[in-house]
Chemist: 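Provided herewith is a single structure, encoded as structure tokens, for subsequent inquiry.
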Protein chains: 2
Amino acid sequence: MGEAKKRRDYEKELRDAGIRITRARKTILKILEEGEKHPDAMEIFRRASEIDATVSLSTVYRTMKILEDRGAIQRHVFEGGPSRFEPAGGTHHDHLIDTDTGEVVEFRSDKIEALQEEIARSLGYEIVSHRLELYVRKIGRRRG
Amino acid sequence: MGEAKKRRDYEKELRDAGIRITRARKTILKILEEGEKHPDAMEIFRRASEIDATVSLSTVYRTMKILEDRGAIQRHVFEGGPSRFEPAGGTHHDHLIDTDTGEVVEFRSDKIEALQEEIARSLGYEIVSHRLELYVRKIGRRRG
DNA sequence: ATTCCTGCAAAAGATTTGCACGTTT
DNA sequence: AAACGTGCAAATCTTTTGCAGGAAT
């Protein structure tokens with residue numbers, strides 16, 4: 001199947017869906033396309049504000065919701081923090097979160113995926129979705 | 001898993017720790033000991049209110065915090081819902097959540113545990129904690 | 001008596017929404 | 001012009017906290 005959808009073009013995606021591309025949205029989308037992989041709403045808002053001080057936090061949230069509803073981004077709620085957003089569309093993966101820095105690393109294990117399926121099936125269920133998060137710290141780092 | 005589920009005695013646990021056993025706490029602890037395994041704060045509050053209408057939601061939360069700090073219960077935040085509390089102290093396990101009913105089933109997979117360790121280590125991390133949740137539906141149940 | 005708890009109301013943090021106005025198509 | 005989108009403030013929802021009175025030890 002066609003893959004190679006590395007570079008995202010949210011703007012086209014929304015335009016094609018008949019959604020208007022406004023100044024605020026343009027700013028937010030650019031941040032998503034160019035910025036870090038797992039920003040939270042406040043982070044997006046801060047960056048957007050630097051480019052266009054009139055953008056509001058509400059609009060950030062509303063834009064995230066539109067993208068999420070279209071499957072263009074995924075929302076993750078890691079322990080103890082606000083929602084963080086990541087571009088969707090790649091292969092499925094799970095997350096490893098550095099508890100010291102908040103950094104997120106993506107990983108994938110077909111073995112784990114298979115085992116999950118097995119477990120669910122053996123209990124009479126089918127998996128709708130799942131989440132696996134490893135909260136970790138760099139080996140050797142001293143305890144805070 | 002197989003071993004007899006030792007009945008919890010939160011009251012003794014707290015008393016031994018020098019924490020006062022008040023009327024409100026007695027009520028709440030009884031609910032935890034006798035009720036379902038994964039109630040949320042509001043559910044505990046409702047049940048407590050039936051026994052003693054003066055118990056407040058604040059006290060429910062405060063009591064949960066005390067128990068959590070002592071490792072007597074664990075708090076879980078499943079997708080889209082409020083925190084749910086479960087008696088701690090058994091072996092580690094993960095959760096399977098029925099998305100139709102909210103019911104929680106505990107399971108454990110040593111294979112998955114081992115794979116997680118392997119993955120974290122191969123990336124240069126050690127696991128601090130982790131969470132694996134399977135959001136599922138009964139096989140054969142028709143879609144809503 | 002002293003220390004700890006409690007209920008209440010208010011605060012907090014994250015996110016959503018009503019509304020009147022401004023912008024995109 | 002007609003729809004749609006925006007900022008702002010206010011509302012939600014869940015959880016926490018300040019405070020002054022009450023209860024446990």
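Naming: A, B, ... by sequence-line order, numbering from 1 per chain.
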Chemist: D:dA23 base to B:Arg23 side chain: any donor-acceptor pair below 3.5 Å?
Modeler: no
Chemist: Quick one: B:Tyr61 OH to C:dT6 P, roughly how many Å, whole number?
Modeler: 16 Å
Chemist: Write down the distance between CD1 (A:Ile19) and C1' (C:dT23), rounded to a whole number of angstrom.
Modeler: 16 Å
Chemist: Write down the distance between CD1 (B:Ile66) and C1' (C:dC4), rounded to a whole number of angstrom.
Modeler: 10 Å
Chemist: 5'-most contact on DNA chain D: B:Met42 or B:Ile21, nearest heavy atom basis?
Modeler: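 Its nucleotide being nearer the 5' end, the pick is B:Met42.
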Chemist: Would you indicate which nucleotide in C:dT15, C:dG7, D:dT15 comes nearest to any side-chain atom of B:Thr59?
Modeler: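 Taking heavy atoms from C-beta onward, the closest nucleotide is C:dG7.
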Chemist: Looking only at side-chain atoms of B:Ser56, point me to the closest of C:dG7, D:dT15, C:dT15.
Modeler: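 So the nucleotide nearest the side chain must be C:dG7.
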Chemist: Expressed in angstrom and rounded to an integer, what is the separation of B:Lys65 atom NZ from C:dC5 atom C1'?
Modeler: 17 Å
Chemist: Test for a donor-acceptor pair under 3.5 Å between the base of D:dT15 and the side chain of B:Ser83, counting only N and O atoms.
Modeler: no
Chemist: Looking only at the side chains, is there a donor atom on one of A:Glu106 and A:His38 sitting less than 3.5 Å from an acceptor on the other?
Modeler: yes
Chemist: Once ring pair (Phe, Tyr, Trp, His ring centres under 6.0 Å) is applied, do any residues pair with B:Phe78, and if so which ones, sequence neighbours excluded?
Modeler: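 So B:Phe78 forms a ring pair (Phe, Tyr, Trp, His ring centres under 6.0 Å) with B:His76, B:His95.
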Chemist: Strictly by salt bridge (Lys or Arg N to Asp or Glu O under 4.0 Å), give each pair with a member in residues 38-50 of chain A just once, sequence neighbours left out.
Modeler: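 Listed once each, the pairs are A:Glu36-A:Arg47, A:Glu43-A:Arg46, A:Glu43-A:Arg47.
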Chemist: Between the main-chain N or O of A:Ile127 and the side-chain N or O of B:Arg137, is there a donor-acceptor pair closer than 3.5 Å?
Modeler: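 No, B:Arg137 side chain to A:Ile127 backbone: no donor-acceptor pair under 3.5 Å.
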Chemist: Starting at atom CG of A:Leu14, determine the distance to atom P of C:dT23, rounded to an integer number of angstrom.
Modeler: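 Interatomic distance, CG of A:Leu14 to P of C:dT23: 21 Å.
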Chemist: Can you measure B:Arg62 atom CZ to C:dC5 atom C1' for me and round it to whole angstrom units?
Modeler: 8 Å
Chemist: Report yes or no: do A:His92 and A:Gln74 form a side-chain donor-acceptor pair below 3.5 Å?
Modeler: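 Side-chain D/A pair, A:His92 to A:Gln74: absent.
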Chemist: Which comes earlier along DNA chain C counting from the 5' end, the contact point of B:Ser58 or that of B:Arg25, where each point is its nearest nucleotide?
Modeler: B:Arg25
Chemist: Check the distance between C:dG22's C1' and A:Arg20's CZ and give it to me in whole angstrom.
Modeler: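 Answer to the nearest Å: 12 Å.
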Chemist: NA contact type, B:Thr22, heavy-atom cut-off 4.0 Å: base, sugar-phosphate, or nothing?
Modeler: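 Touches sugar-phosphate only.
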Chemist: Atom CE of A:Met64 to atom P of C:dA14: distance rounded to whole Å?
Modeler: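 One finds 17 Å between P of C:dA14 and CE of A:Met64, rounded.
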